[in-house]
Chemist: 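Below is the structure I would like to discuss, written out as structure tokens.
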Amino acid sequence: MSIRHGLLALLERGPMYGYQLRAAFEESTGGAWPLNIGQVYTTLNRLDRDGLVRALAESEAGQRPYEITDGGRAELTLWFATPIDRADRPRDELAIKLALALTTPGVDVRAVVQTQRTASMRMLQEYTRLKGGEQRPADLPWRLVLDAMVFRAEAEIRWLDHCEASLVRHTPIPSQARPATADEPASHDDSRDESGVRR
Amino acid sequence: MNPVLELRGVTRTHGTGETAVHALRDVSLAVAPGELVAVMGPSGSGKSTLLNLAGGLDRPTAGEVCVEGASLGGLSKRQLARLRRRSVGYVFQALNLLPSLTAMENIALPLELDGSGPRASRRAAAEALDEVGLDGLGGRFPDELSGGQQQRVAIARALVGERRLVLADEPTGALDSQTGEAVLRLLRTRVDAGAAGVLVTHEARHAAWADRVLFLRDGVLVDTAGPLARPEDLLESAQ
Ligand SMILES: Nc1ncnc2c1ncn2[C@@H]1O[C@H](COP(=O)(O)OP(=O)(O)O)[C@@H](O)[C@H]1O
Ligand SMILES: [Mg+2]
């Protein structure tokens with residue numbers, strides 16, 4: 001989640017100080033992405049350094065509001081105009097975990113998949129519960145945020161189903177298996193290459 | 001609370017010997033009033049078999065199925081038919097609407113068969129049509145309705161009256177996501193009012209409306225997702 005762009009979008013409404021930004025951010029995402037105040041100030045400092053926001057004079061109460069600059073506005077426009085690239089995420093921990101599980105001796109990949117699916121399903125149930133109840137028009141932005149999480153969790157579960165189906169013919173590597181060496185092959189299974197990865 | 005539906009060690013095998021298909025193996029499950037249970041699993045995993053057994057449309061090879069405390073195996077054909085009409089609402093994967101009856105008549109039929117007067121049955125049917133967003137279309141025949149509309153008629157038929165057990169086999173199959181969600185809300189509302197429900201679906205998004213989600217693999221229940229224990233897990237993982 002881009003806190004940076006989130007804060008810029010909020011400042012486009014008018015100058016705000018840190019605590020206001022945090023409250024507004026959480027409100028506009030229905031509390032789904034809680035921020036700590038430290039994250040807010042760190043992000044504001046970086047935005048200031050990059051010339052995207054500017055600090056205004058401190059109020060009598062000692063609060064320092066920030067306002068968006070023209071540069072910040074341009075950045076925000078670009079953000080809204082650019083589709084989110086899922087590949088931009090630094091890494092997909094789950095995919096990496098499953099890939100490692102496949103090639104790590106003694107790991108029951110199916111159990112890993114099942115555990116994850118159960119957890120994802122629970123999360124999906126929880127989102128759905130939050131979505132339930134009455135549907136007030138004022139809740140629409142928050143419902144759309146929830147729907148995004150619902151569809152994402154669903155995609156993950158579908159991917160896990162797919163992984164499980166692909167695993168049907170996979171024989172787990174026993175826990176005592178060691179990497180193959182030249183004089184002592186660990187396996188005669190020719191469907192596995194030298195690195196131990198299934199083809 | 002006594003379960004509305006209970007399966008005890010239920011096995012269903014088709015055929016014998018080498019060619020036997022184990023559609024369901026030693027499945028135990030109890031669904032309480034006010035509880036909605038979703039069943040997920042790949043095609044051929046035994047979902048429809050489980051539902052057919054629960055609704056008394058099929059008999060187990062081994063084990064016992066009880067609805068409202070009555071073991072289905074011990075009921076006469078007549079008693080079973082009565083229980084199915086009165087207590088069980090069923091949304092079939094193939095909708096099974098009667099083509100020669102209007103939408104309204106399709107919905108009112110089980111009530112009339114069960115002894116309600118035609119007036120009361122029609123009033124209840126009209127309410128059910130309204131609930132699924134089809135008010136005004138009661139006079140149409142199934143072939144005059146779209147696939148999604150037919151599906152909603154089938155759902156109204158399953159929900160009408162005082163059904164204690166609602167069984168739905170892929171009830172959102174032909175529906176767009178908005179209508180599908182509306183159907184799940186209906187089912188949820190009915191269950192919250194005290195019915196027990198079993199929902200078969202391959203869509204996790206729809207299964208998530210249930211209190212418990214069961215996963216079937218090759219006729220075996222493999223795992224269950226219940227309610228989230230700690231809400232803070234949700235917040236952490238959403239960041
Ligand atoms: N009448 C039948 N005769 C033989 N096999 C059947 C019969 N009905 C179902 N099966 C088999 O039982 C298994 C489970 O079927 P079903 O419950 O319809 O699965 P699902 O609804 O999950 O797709 C499948 O392998 C199917 O081919
Ligand atoms: Mg089926």
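Every value quoted in this text rests on a predicted model; they were computed, and no experiment measured them. All values below come from the heavy atoms of this structure, side chains included, with hydrogens, waters and symmetry mates left out. The chains referred to below are lettered A, B, ... by the order of the sequence lines, with proteins before strands, and numbering in each begins at 1.
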Chemist: Can you pull the salt bridge (Lys or Arg N to Asp or Glu O under 4.0 Å) pairs that have at least one residue in residues 19-29 of chain B, sequence neighbours excluded?
Modeler: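 Found none.
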Chemist: Side chain from CB out, backbone as N, CA, C, O: work out which of these in A:Leu124 comes under 4.5 Å of a heavy atom of chain B, or both, or neither.
Modeler: both
Chemist: With the threshold set at 4.0 Å, does a side-chain nitrogen-carboxylate oxygen contact exist between A:Glu156 and A:Arg152?
Modeler: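 Salt bridge between A:Glu156 and A:Arg152, a charged N being under 4.0 Å from a carboxylate O: no.
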Chemist: Please look at B:Arg188 and chain A and tell me whether the side chain, the backbone, both or neither of the residue comes under 4.5 angstrom of a heavy atom of that chain.
Modeler: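 Neither part; nothing is under 4.5 Å.
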Chemist: Measuring heavy-atom distances to chain A, does B:Glu203 have an atom under 4.5 Å in its side chain, in its backbone, in both, or in neither?
Modeler: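 Interface part for B:Glu203: both.
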Chemist: Indicate yes or no: at least one non-hydrogen side-chain atom of A:Leu44 is less than 4.5 angstrom from one of A:Asp48.
Modeler: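 No, every pair of side-chain atoms sits at 4.5 Å or beyond.
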Chemist: In residues 8-21 of chain A, what donor-acceptor pairs under 3.5 Å come from side-chain atoms, sequence neighbours left out?
Modeler:
residue	atom	partner	partner atom	Å
A:Glu12	OE1	A:Arg73	NE	2.9
A:Gln20	OE1	A:Tyr17	N	3.0

Chemist: What part of B:Ala210 is in contact with chain A, defined as an atom under 4.5 angstrom from a non-hydrogen atom: side chain, backbone, both or neither?
Modeler: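 For B:Ala210, the backbone is the part near chain A, not the side chain.
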